Protein chains: 2
Amino acid sequence: MKTYPHPQLDDLPLAEVMQALADPCRIAIVRTLLEADGRELACGEFDLGVAKATCSHHFDVLRSAGIVASRVEGTRCMTSLRKDEIETRFPGLLRLVAGEAPARRRRR
Amino acid sequence: MKTYPHPQLDDLPLAEVMQALADPCRIAIVRTLLEADGRELACGEFDLGVAKATCSHHFDVLRSAGIVASRVEGTRCMTSLRKDEIETRFPGLLRLVAGEAPARRRRR
DNA sequence: GCTATTGTTCGACGAAGAACGAACAAAGAC
DNA sequence: GTCTTTGTTCGTTCTTCGTCGAACAATAGC
């Protein structure tokens with residue numbers, strides 16, 4: 001059965017984590033996981049509006065940056081937030097992601 | 001005399017700030033400014049190991065992301081951290097940048 | 001066995017980004 | 001005035017990134 005690699009957070013450079021969170025799609029994933037409050041979610045449960053392959057890519061980036069953890073369960077890929085580890089290595093980071101001002105006019 | 005545009009932090013999307021900090025060179029700039037503790041620094045005072053043009057580009061990115069402010073003084077460009085504003089809009093962000101774990105301990 | 005479901009991997013594409021040298025601009029120093 | 005200093009702008013090159021469709025793999029259910 002397939003497993004995913006998950007890096008240790010200790011050696012992880014800040015720049016890589018920032019890079020991982022520098023995309024609206026991936027921020028949305030982390031927010032959804034924060035709202036899930038510890039529960040695992042399957043990839044399909046995120047409503048991202050992108051193709052499957054793209055979705056898979058974003059989860060890969062988040063995993064490589066140590067932000068989420070995934071495991072296979074049946075035909076699904078259950079993903080959870082590495083909340084405590086992130087809080088230890090990058091205190092305040094998740095609050096930052098959670099706490100953005102509510103949706104207002106967005107420009108690009 | 002030339003001036004630089006500086007965005008308001010209120011409307012600034014988190015992704016843009018993350019993107020701006022997703023580069024080792026720019027993280028180094030912010031760290032240097034944090035150590036300068038409020039003092040303005042000229043571009044040339046940062047030792048980044050890149051060409052002038054590249055340096056100018058990085059400052060531009062940080063300005064556009066609302067992280068630093070610059071003004072011209074004589075032939076130099078004095079840059080400072082928008083510390084309080086950042087702390088209000090993105091609480092904890094600067095601590096995150098400042099607080100990365102020091103260079104890895106060697107173990108025998 | 002066969003089919004449906006769920007993700008992954010591959011290859012491609014265009015857009016964005018980092019880097020550089022060269023030319024330029026503005027102010028100081030002389 | 002000329003020269004120096006400091007940084008910006010332009011044009012180019014190369015790399016990385018986000019996106020997609022198509023093909024594939026693994027499991028579940030029949």
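Chain A is the first sequence line, chain B the second, and so forth, proteins listed ahead of strands; every chain is numbered from 1. Computed from a predicted structure; not experimentally measured.
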- For residues 67-89 of chain B, the ring-ring contact (aromatic ring centres under 6.0 Å, His included) pairs (sequence neighbours left out) are none
- A:I29 CD1 to C:dG7 C1', straight-line distance once rounded to whole Å: 13 Å
- Listed partners of A:T32 passing side chain to side chain contact (heavy atoms under 4.5 Å, CB included), at least two apart: A:L41, A:F46
- Query: Can you list, by residue number, the residues of residues 36-45 of chain B that have a non-hydrogen atom closer than 4.0 angstrom to DNA chain D?
  - Reply: B:A42, B:C43, B:G44
Distance-only donor-acceptor hits, side chain of residues 48-65 of chain B, under 3.5 Å, sequence neighbours excluded:
unit_1, atom_1, unit_2, atom_2, d
B:H58, ND1, B:R26, NH1, 3.1
B:R63, NH1, B:S70, OG, 2.9
B:S64, OG, B:D60, O, 2.9

- Query: A:R71: what forms a salt bridge (Lys or Arg N to Asp or Glu O under 4.0 Å) with it, not counting sequence neighbours?
  - Reply: A:E40, A:E73
- Message: Does anything in residues 15-37 of chain A form a ring-ring contact (aromatic ring centres under 6.0 Å, His included)? List the pairs, not counting sequence neighbours.
- Response: none
- Encode nucleotides 15-20 of chain D as B, S and - characters from 5' to 3', where the letter depends on protein heavy atoms closer than 4.0 Å: B to the base, S only to sugar-phosphate, - to neither. ---SBB
- Item | Qualifying residues under salt bridge (Lys or Arg N to Asp or Glu O under 4.0 Å), relative to B:R82, sequence neighbours excluded | B:E85
- Query: Just how far, in rounded Å, is P of C:dG7 from CZ of A:F59?
  - Reply: 8 Å
- Message: Strictly distance-based, threshold 3.5 Å: is any side-chain N or O of A:R76 a donor or acceptor partner for the main-chain N or O of A:A42?
- Response: no
- Task: Starting from C1' on C:dA19, measure out to CG on B:D60 and report it in whole angstrom.
- Result: 15 Å
- Task: Would you indicate what B:R71 reaches in the nucleic acid, counting non-hydrogen atoms under 4.0 angstrom: base, sugar-phosphate, or nothing?
- Result: nothing
- Task: Flag the pair B:L14 / A:I27 as yes when at least one side-chain heavy-atom distance between them is below 4.5 Å, and no otherwise.
- Result: yes
- Check whether any side-chain nitrogen or oxygen of B:Y4 sits under 4.0 Å from OP1 or OP2 of D:dT8, and answer yes or no. yes
So which protein N/O to nucleotides 1-5 of chain D N/O distances come out below 3.5 Å?
none

- Task: In whole angstrom, give the distance that lies between atom CG of B:L48 and atom C1' of C:dA18.
- Result: 13 Å
- Message: With heavy-atom distances below 4.5 Å as the criterion, would you say the side chains of A:L94 and A:L81 are in contact?
- Response: yes
- Task: Find out whether B:L93 and B:L21 are in side-chain contact, i.e. whether some heavy atom of one side chain is under 4.5 Å from a heavy atom of the other.
- Result: yes
- Take the protein atom CZ of B:F46 and the nucleotide atom C1' of D:dG7, then report the distance between them rounded to whole Å. 13 Å
- Message: For residues 41-51 of chain A, which residue pairs pass the side-chain hydrogen bond (donor to acceptor under 3.5 Å, both in side chains) check, not counting sequence neighbours?
- Response: none
